[in-house]
Number of protein chains: 4
Amino acid sequence: MRNLLRTETNEQRETTRVEAFSDGVIAIAITLLILEIHVPAIEDASPDLLIQALRDLWPSYFGYVISFATVGIMWANHHTIFRVIARTDHYLILTNLLFLFFLATIPFPTALMAEYLGHPAERIGVIVYSGWFLLTALSFNLLWNYASRGDRLIDANADPAVVSSITSRFRLGPPAYVLAFLLSFFSTPATLALLLGFALLYVLPYGNVNR
Amino acid sequence: MRNLLRTETNEQRETTRVEAFSDGVIAIAITLLILEIHVPAIEDASPDLLIQALRDLWPSYFGYVISFATVGIMWANHHTIFRVIARTDHYLILTNLLFLFFLATIPFPTALMAEYLGHPAERIGVIVYSGWFLLTALSFNLLWNYASRGDRLIDANADPAVVSSITSRFRLGPPAYVLAFLLSFFSTPATLALLLGFALLYVLPYGNVNR
Amino acid sequence: MRNLLRTETNEQRETTRVEAFSDGVIAIAITLLILEIHVPAIEDASPDLLIQALRDLWPSYFGYVISFATVGIMWANHHTIFRVIARTDHYLILTNLLFLFFLATIPFPTALMAEYLGHPAERIGVIVYSGWFLLTALSFNLLWNYASRGDRLIDANADPAVVSSITSRFRLGPPAYVLAFLLSFFSTPATLALLLGFALLYVLPYGNVNR
Amino acid sequence: MRNLLRTETNEQRETTRVEAFSDGVIAIAITLLILEIHVPAIEDASPDLLIQALRDLWPSYFGYVISFATVGIMWANHHTIFRVIARTDHYLILTNLLFLFFLATIPFPTALMAEYLGHPAERIGVIVYSGWFLLTALSFNLLWNYASRGDRLIDANADPAVVSSITSRFRLGPPAYVLAFLLSFFSTPATLALLLGFALLYVLPYGNVNR
């Protein structure tokens with residue numbers, strides 16, 4: 001009995017540490033985003049000039065809002081799946097690191113997109129930006145598929161309806177981001193509207209997964 | 001019995017993870033503030049020249065102190081409300097993310113205010129700075145209102161007097177920051193004095209909420 | 001009985017959250033130090049030129065090592081006192097925030113000292129650097145004094161010998177940093193040697209406090 | 001009985017806090033790596049020009065991937081050893097700080113290597129980069145040797161086979177990084193291939209340590 005208890009506690013400690021490390025990386029990545037927006041440095045600017053300069057930063061604000069919302073939702077989703085994941089193993093740690101790799105890199109495509117929005121090379125920035133979101137979504141689904149396939153690492157006490165509801169919901173992510181990625185070759189505004197829309201969709205209640 | 005215990009533990013784990021992520025974001029935002037103050041780089045400066053250059057950075061020090069104190073107090077307040085919040089749900093996570101969005105952005109208005117203090121465009125900086133604090137305070141109150149309305153997510157064992165004392169105290173935040181924001185259109189020193197004063201007020205003991 | 005248990009658990013959760021937030025701030029401050037050392041950017045440098053440029057960064061390396069070691073030890077000391085602190089209150093949170101304020105600011109005096117070491121204004125940098133360490137040490141002692149005075153927030157089960165041993169040891173910190181600060185007005189090498197020495201002293205075993 | 005329980009809980013709280021602080025430092029170091037890759041700022045670049053500029057950043061991407069993977073694996077290894085470490089003491093905290101020192105510094109040699117890859121001074125960057133990984137690996141082994149020698153800080157319930165399997169595996173780290181370091185004096189591509197290979201090797205399952 002004691003050993004059983006001990007083992008259960010150890011398993012919980014391990015998933016707790018994976019969650020804590022992931023939370024750390026996600027919290028840092030989301031907070032570093034603001035460092036990519038630079039205060040305009042105009043020697044003795046008049047109020048009007050500064051207002052204009054602040055307005056000209058709109059692509060940075062826009063990218064900041066989309067990336068913050070998307071990373072925030074990814075954190076919430078990560079939190080959702082770890083509510084039913086009870087154990088870690090070698091490949092869970094690896095797929096989780098892969099997901100964190102894509103997520104931690106997001107400040108770079110965000111800054112790239114913002115830098116060139118409204119400039120001749122804006123398409124390149126938007127393709128890289130939406131493509132990176134697609135890769136991040138794919139790595140998140142890989143993580144969940146690995147953990148949930150055959151209930152590999154799922155808590156024995158977890159409600160199967162909750163588990164399959166998570167699976168159905170996350171199945172929508174990759175095709176949605178494929179769509180945004182394909183759209184990025186044709187229309188910048190439509191792509192960004194879609195990426196923002198995906199984030200706002202999350203505001204709606206959906207089933208009983210996260211409530 | 002076991003299931004009850006398990007559920008309680010799970011609920012606690014979830015609020016713990018929301019707190020941990022929020023702590024991470026707040027800790028990073030408060031620590032990144034220092035990166036916005038740049039060491040003056042003067043080739044072979046004399047001691048007097050360096051002292052002068054360090055003195056000229058006073059708006060940066062001033063903004064750093066106000067923002068550090070305000071974010072620190074927001075952390076303490078977040079800590080206070082999560083002492084009585086026992087559960088999370090979809091909208092708690094969303095309103096918490098909204099609050100973290102405003103809080104994580106604070107380094108930008110802080111740097112903007114400091115950059116233009118004492119320059120022709122200083123009003124713009126102070127309006128944005130105090131306005132951002134107002135938005136952050138509003139989002140914090142939204143979070144608390146959502147959690148506490150009808151004791152929605154409040155711990156059943158929490159002392160109702162403590163809960164209503166928290167509510168009364170936080171009710172003062174938004175009008176205070178509205179005042180600072182309105183004042184920012186007329187007087188920079190009065191606005192900054194007020195913002196600093198709000199932070200220092202916290203030093204006083206008040207009721208039994210946080211003691 | 002249940003209420004007692006619950007209260008104890010709540011108290012522990014609160015000190016745990018204060019520790020977690022402090023750990024976050026300290027971990028970020030210590031890790032941000034490296035951002036203050038900039039890779040030399042020399043167009044098509046020869047190997048010898050790059051080696052020379054890397055050598056010229058020695059004040060930055062030196063400041064990095066002293067600050068990393070000092071902040072690391074402050075973390076260990078914070079960890080030591082929270083082993084016997086069982087409760088938090090309003091002023092503990094405030095004095096802890098004050099300590100974190102001084103600690104989180106350390107990257108700035110570190111970069112200032114490194115920037116001017118070996119230049120005409122080096123004295124200013126060293127005075128600010130050692131003075132800031134003094135303020136940080138004072139704020140740490142304020143935190144400990146507040147918590148330990150009359151066993152205000154000390155765990156009832158804590159060994160009094162451990163508590164008084166912590167008090168005796170930390171009593172040495174402020175006079176040591178006063179000495180370094182006074183010395184900084186006369187000799188840069190002696191001041192930096194002393195600051196490095198304080199950090200290295202910690203390597204020695206001392207009593208039973210931290211072992 | 002109660003005292004025993006209390007002590008065990010206290011010991012666990014302490015190792016938990018060491019792990020939490022280490023997780024914080026590692027999570028920050030791994031996430032800061034992206035800040036070293038700067039978005040090319042080319043006024044009104046054509047799409048082709050931006051694509052070219054993004055391609056020219058390949059040494060940065062390459063260094064980012066190697067460093068992210070290596071730091072991620074070091075985190076997983078740290079997580080592995082703390083599964084069997086049950087107690088902390090003065091020297092564990094010190095050797096852990098030494099390991100964190102080397103790890104937190106990694107963004108600097110990474111940026112140095114990336115800055116000069118493909119330029120006349122590339123050898124210097126690669127020597128420093130692989131040398132720093134060697135020092136980090138040595139400090140990690142020092143940490144594990146200290147904790148595991150004579151089971152000094154090992155959990156009494158830990159499976160001895162697991163402990164000795166960890167020891168055998170980590171014994172391979174230093175010679176591998178010595179090899180990469182020596183190679184760095186002769187061939188840049190071979191060194192980087194080796195460093196990347198060490199990271200990828202981790203993907204393979206190995207014994208039962210981490211599964």
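Residue numbers start from 1 in every chain, and the chains themselves are labelled A, B, ... in the order their sequence lines are given, proteins ahead of strands.
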How many angstroms lie between CG in C/Asn77 and CD1 in D/Ile93, if you round to the nearest 0.5 Å?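 CD1 of D/Ile93 is found 9.5 Å from CG of C/Asn77.
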Reported CD1-to-CD1 distance for the pair D/Ile106 and C/Ile34, which is rounded to 0.5 angstrom: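 That separation rounds to 10.0 Å.
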Return yes when atom CZ of D/Arg152 has more than 12 non-hydrogen atoms of other residues, nucleotides or ligands closer than 6.0 Å, and no otherwise.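 Atom CZ in D/Arg152 is crowded, with more than 12 foreign heavy atoms closer than 6.0 Å.
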By side chain to side chain donor-acceptor pair (under 3.5 Å), which residues pair with D/Ser22, not counting sequence neighbours?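 Here the qualifying residues are D/Asn96.
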With a 4.5 Å cut-off on side-chain heavy atoms, are C/Trp75 and D/Val18 touching?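 Of all side-chain heavy-atom pairs linking C/Trp75 with D/Val18, at least one is under 4.5 Å.
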Among [range], which ones touch chain D with a heavy-atom distance under 4.5 Å?
| range | value |
| --- | --- |
| residues 53-67 of chain C | C/Leu54, C/Leu57, C/Tyr61, C/Tyr64, C/Val65 |
| residues 38-52 of chain C | C/His38, C/Val39, C/Pro40, C/Ala41, C/Ile42, C/Asp44, C/Ala45, C/Ser46, C/Pro47, C/Leu50, C/Ile51 |
| residues 24-32 of chain C | C/Ile26, C/Ala27, C/Ile28, C/Ile30, C/Thr31, C/Leu32 |

Minimal non-hydrogen separation, C/Asp23 against D/Ala20, with atom names: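 Heavy-atom minimum between the residues: OD2-CB, 4.4 Å.
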Relative to chain C, which segment of [X] carries a heavy atom at a distance below 4.5 Å: side chain, backbone, both, or neither?
| X | result |
| --- | --- |
| D/Arg17 | both |
| D/Leu103 | neither |
| D/Glu36 | side chain |

